[in-house]
Amino acid sequence: MPELAELKLTADYVNRSAKGKHFYAVQKNPEHKGQLFDVPFNEFIIHTRSRGKELILFLESVDNQDTLPIRMTMGMAGHFRLTRTGEENKHAHLKFLSRDGYTLSFVDVRRFGKWKPKETWSSNRGPCPMTEFEEFKQTIMDNLDKKVFDKPINELLMDQKYFNGIGNYLRAEILYRIDAYPFMPARQMIKEHGDQLFDLCKTMPELAYVRGGGEIKDWNNPFKTENDYIRTTGSFFKCYAKKGMAQLIDKTKRRFWYDPKWKVLDMNQEWDYYSGMPNPKAYS
DNA sequence: CGTCCACGTCTAC
DNA sequence: TAGACCTGGACGG
């Protein structure tokens with residue numbers, strides 16, 4: 001999915017696709033459980049912004065100043081596609097029809113993506129590490145005494161309240177680049193390697209963004225040019241799903257990829273005898 | 001055919 | 001802290 005970089009690429013795609021178009025209708029696939037809503041305008045334009053793993057579509061009336069925001073998340077596979085009207089993808093669940101015969105569709109095979117009209121950014125998600133870097137750092141520093149920072153850093157990185165936009169591949173790529181035990185308590189990691197950790201929470205999504213979404217299977221940056229391929233030779237991924245890396249299923253049932261030098265050999269031991277570091281289980 | 005796996009949340013015991 | 005929510009691709013028999 002869409003993690004931070006893909007959300008930003010999705011926003012770029014929507015802005016570019018909708019540019020100059022006037023839309024007049026919204027349709028929902030009845031299969032989808034999402035809310036059907038009316039757009040109270042005869043004609044509207046669409047623009048969008050992303051923040052972490054959220055995106056807001058702004059439907060703006062052509063006739064007056066009214067705007068209807070739609071808050072969205074992309075789930076595991078959601079994205080937008082512009083097609084000729086009538087040629088929409090089988091899994092297009094929310095469609096905006098334009099006067100010149102095109103449809104901007106929200107396509108989502110697994111239907112984990114969601115939308116909610118009249119809503120803007122969720123209060124339970126923190127600032128975007130890429131576009132609101134100072135606020136992102138400050139929010140964490142202001143809350144460092146909270147109990148949630150006792151959790152191992154590899155688990156806390158998935159917490160959208162503090163790391164909005166970081167997902168399963170980004171946490172692996174971020175922690176792989178820090179020479180420290182990836183299961184240590186988050187507070188300790190932030191105290192000892194905070195500057196590097198914060199920087200990586202910004203630069204890894206930036207790198208994935210310029211490389212067109214981390215080159216993840218099923219996600220292709222529609223704007224990628226031949227020059228981008230040349231400029232970005234080599235995979236973005238050094239750790240996630242790479243042969244030779246260590247992996248384990250974490251407490252939340254997600255697969256965590258990490259440097260085998262920190263390999264946990266016995267999940268039942270409080271201290272890992274190979275790395276000499278505390279076993280992640282000791283913190284769960 | 002079957003089982004496992006996937007870039008993420010949600011909510012119900 | 002299990003499951004629930006979904007489809008489809010990879011791979012095994």
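Below, read A as the first sequence line, B as the second, and so on, with proteins coming before strands; counting in each chain starts at 1.
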Residue-phosphate contact under 4.0 Å: [X] side-chain N/O, [N] OP1/OP2:
X: A/Lys253; N: C/dT1; value: no
X: A/Gln160; N: B/dT9; value: yes
X: A/Lys90; N: C/dG8; value: yes
X: A/His91; N: C/dG8; value: yes
X: A/Lys53; N: B/dG8; value: yes
X: A/Lys33; N: C/dC6; value: yes

> To the side chain of A/Arg255, which of B/dG8, B/dA6, C/dT1 is closest?
Replying inline: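 From the listed options, B/dA6 comes nearest.
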> A/Thr73 has a side chain; which of C/dT7, B/dC10, B/dG8 sits nearest to it?
Replying inline: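 The answer is B/dC10.
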> Do A/Phe58 and A/His47 have their ring centres less than 6.0 Å from each other?
Replying inline: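 Ring centroids of A/Phe58 and A/His47 are less than 6.0 Å from each other.
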> What orientation do A/Tyr240 and A/Phe237 show, parallel under 30°, tilted 30 to 60°, or perpendicular over 60°?
Replying inline: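 The arrangement is tilted - the two ring planes meet at 30° to 60°.
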> Once the angle between the rings of A/Phe96 and A/Phe37 is folded into 0 to 90°, is it parallel (under 30°), tilted (30 to 60°) or perpendicular (over 60°)?
Replying inline: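 Ring orientation of A/Phe96 relative to A/Phe37: tilted.
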[X] [atom1] to [N] [atom2], straight-line distance once rounded to whole Å:
X: A/Ile249; N: B/dA6; atom1: CD1; atom2: P; answer: 6 Å
X: A/Arg125; N: B/dC10; atom1: CZ; atom2: P; answer: 7 Å
X: A/Glu54; N: B/dG8; atom1: CD; atom2: C1'; answer: 13 Å
X: A/Asp108; N: C/dT7; atom1: CG; atom2: P; answer: 11 Å
X: A/Met74; N: C/dC5; atom1: CE; atom2: C1'; answer: 17 Å
X: A/Lys116; N: B/dT9; atom1: NZ; atom2: C1'; answer: 15 Å
X: A/Phe106; N: C/dC6; atom1: CZ; atom2: P; answer: 14 Å
X: A/Asp159; N: B/dT9; atom1: CG; atom2: C1'; answer: 12 Å

> Across the strands shown, which category fits A/Arg254 at heavy-atom distances under 4.0 angstrom: base, sugar-phosphate, nothing?
Replying inline: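 Base contact.
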>> Mind checking if A/Arg171 touches a base, just sugar-phosphate, or nothing, with heavy atoms under 4.0 Å?
In response: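 Touches nothing.
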>> Is there aromatic stacking of A/Phe112 on C/dC5 here, judged by a ring-centre distance under 5.5 Å and a plane angle under 30°?
In response: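 Check passed, A/Phe112 stacks on base of C/dC5.
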>> Quick check against the 3.5 Å criterion: does A/Asp108 have a side-chain atom that pairs as donor or acceptor with the backbone of A/Gly113?
In response: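 Between the backbone of A/Gly113 and the side chain of A/Asp108 there is a qualifying donor-acceptor contact (under 3.5 Å).
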> For atom P, what is the distance between C/dC6 and B/dA12, given to the nearest Å?
Replying inline: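 It comes out at 14 Å once rounded to the nearest Å.
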> When rounded to the nearest Å, what value does the distance between P atoms of B/dT9 and C/dG9 take?
Replying inline: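 Their P atoms lie roughly 24 Å apart.
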>> Checking A/Asp199 against A/Arg177 for the salt bridge (charged side-chain N to carboxylate O under 4.0 Å, His left out) test, could you report, in this order, the C-alpha distance in whole Å, the side-chain angles of both residues, the deciding distance, and whether it holds?
In response: CA-CA 11 Å; A/Asp199 282 349; A/Arg177 288 165 171 79; over 6 Å; no
>> Which is more 5' along DNA chain B, the nucleotide nearest A/Arg110 or the one nearest A/Asn124? Just name the residue.
In response: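 The 5'-side residue here is A/Arg110.
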>> Could you check whether A/Asp250 pairs with A/Arg171 (Lys NZ or Arg NE/NH1/NH2 to Asp/Glu carboxylate O, under 4.0 Å)?
In response: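 Yes.
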